[in-house]
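Okay, structure first, notes after.
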Amino acid sequence: MATLTGITRSSLKIFSQPQLYPQPLLFFSKGFSAKVFVKGLSFSSTEKKIAEAFSEFGEVIEAKIVMDKARKRPKGYGFVTFAKKDAAEKACEGMNGKLLDGRAIYVRF
């Protein structure tokens with residue numbers, strides 16, 4: 001029996017059959033968490049400061065600042081993930097145009 005790089009014809013039949021296993025369940029759905037875009041961040045802003053500022057509107061799951069890999073400093077924008085969509089909407093209304101670390105930030109849902 002001819003082999004192709006160690007795989008026999010009979011084993012190719014096993015791998016070519018469709019999978020009969022169910023798809024894994026997703027723990028996050030669209031209504032479970034919400035992410036907002038924040039621009040206008042200061043270069044001295046940290047993820048901890050951003051999470052603290054946005055936590056007054058609801059539970060913050062994650063605050064992420066996008067970094068410039070060449071300069072090794074923040075690019076000036078980031079994302080904040082809330083546990084609930086309502087908290088994200090309130091944060092958009094409440095933080096849009098506010099000062100954070102001396103700069104006005106703009107928030108979009």
Side-chain angles (χ1 to χ4, degrees):
M1 185 172 264
T3 60
L4 300 170
T5 63
I7 300 175
T8 63
R9 234 179 231 271
S10 61
S11 64
L12 285 176
K13 289 180 184 177
I14 294 171
F15 292 122
S16 64
Q17 293 177 355
Q19 292 184 359
L20 301 176
Y21 304 107
Q23 294 293 325
L25 296 175
L26 298 176
F27 291 107
F28 296 101
S29 66
K30 189 170 184 170
F32 184 75
S33 65
K35 188 178 283 192
V36 295
F37 173 75
V38 183
K39 72 175 185 175
L41 294 173
S42 171
F43 294 129
S44 64
S45 294
T46 63
E47 293 173 351
K48 185 177 179 180
K49 286 182 186 178
I50 294 170
E52 289 174 0
F54 280 87
S55 66
E56 67 180 80
F57 298 101
E59 181 184 355
V60 174
I61 296 174
E62 179 187 28
K64 178 76 177 157
I65 297 176
V66 178
M67 300 292 286
D68 184 359
K69 292 181 182 178
R71 295 182 179 156
K72 296 184 174 142
R73 69 175 190 177
K75 285 189 172 185
Y77 65 93
F79 300 93
V80 178
T81 306
F82 288 92
K84 296 188 179 187
K85 186 178 176 180
D86 297 338
E89 291 172 353
K90 290 178 188 175
C92 286
E93 294 172 7
M95 291 296 287
N96 200 16
K98 298 283 183 168
L99 290 178
L100 183 66
D101 290 332
R103 294 191 63 183
I105 60 169
Y106 301 97
V107 184
R108 284 191 290 164
F109 186 55

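Just so it is clear, the model here is predicted, and its values are computed rather than measured.
For the side chain to side chain contact (heavy atoms under 4.5 Å, CB included) test, residues two or more places apart in sequence or in another chain that qualify with Y106 are K39, N96, A104. Remark: R108 pairs with F37 by the side chain to side chain contact (heavy atoms under 4.5 Å, CB included) rule, at least two apart or across chains. Judged as a side chain to side chain contact (heavy atoms under 4.5 Å, CB included), and not counting sequence neighbours, the contacts of A53 are M95, L100. Judged as a side chain to side chain contact (heavy atoms under 4.5 Å, CB included), and not counting sequence neighbours, K69 has no contacts. Among residues two or more places apart in sequence or in another chain, the side chain to side chain donor-acceptor pair (under 3.5 Å) test is passed with T81 by none.
Pairs of residues two or more places apart, or lying in two chains, never qualify as ring-ring contact (aromatic ring centres under 6.0 Å, His included) while including a residue from residues 41-61.
Between the side chain of E59 and the main chain of K84, no donor-acceptor pair closer than 3.5 Å is present.
Other residues, nucleotides and ligands contribute more than 12 heavy atoms inside 6.0 Å of the NZ atom of K49.
The minimum heavy-atom distance linking I65 with P74 is given by the pair CG2-CB, 3.6 Å. Between I61 and S33, the shortest heavy-atom contact is CD1-CB, 4.2 Å. Across all non-hydrogen atoms, the minimal contact from A88 to V36 is CB-CG1, 3.8 Å.
Taking CG of L41 as the start and CD of E47 as the end, the distance is 10.5 Å to the nearest 0.5 Å.
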Check the pair K72 / M67 against side chain to side chain contact (heavy atoms under 4.5 Å, CB included), numbers first and verdict last. CA-CA 7 Å; K72 296 184 174 142; M67 300 292 286; 5.8 Å; no
Going through the distances and angles, do V38 and Y77 end up as a side chain to side chain contact (heavy atoms under 4.5 Å, CB included)? CA-CA 6 Å; V38 183; Y77 65 93; over 6 Å; no
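Tracing side-chain contacts under 4.5 Å through hydrophobic residues (I, L, V, M, F, W, Y), one reaches I50 starting from F109; they form part of the same cluster.
Using a 3.5 Å distance cut-off with no hydrogens or angles, the side chains of S45 and D101 do pair a donor with an acceptor.
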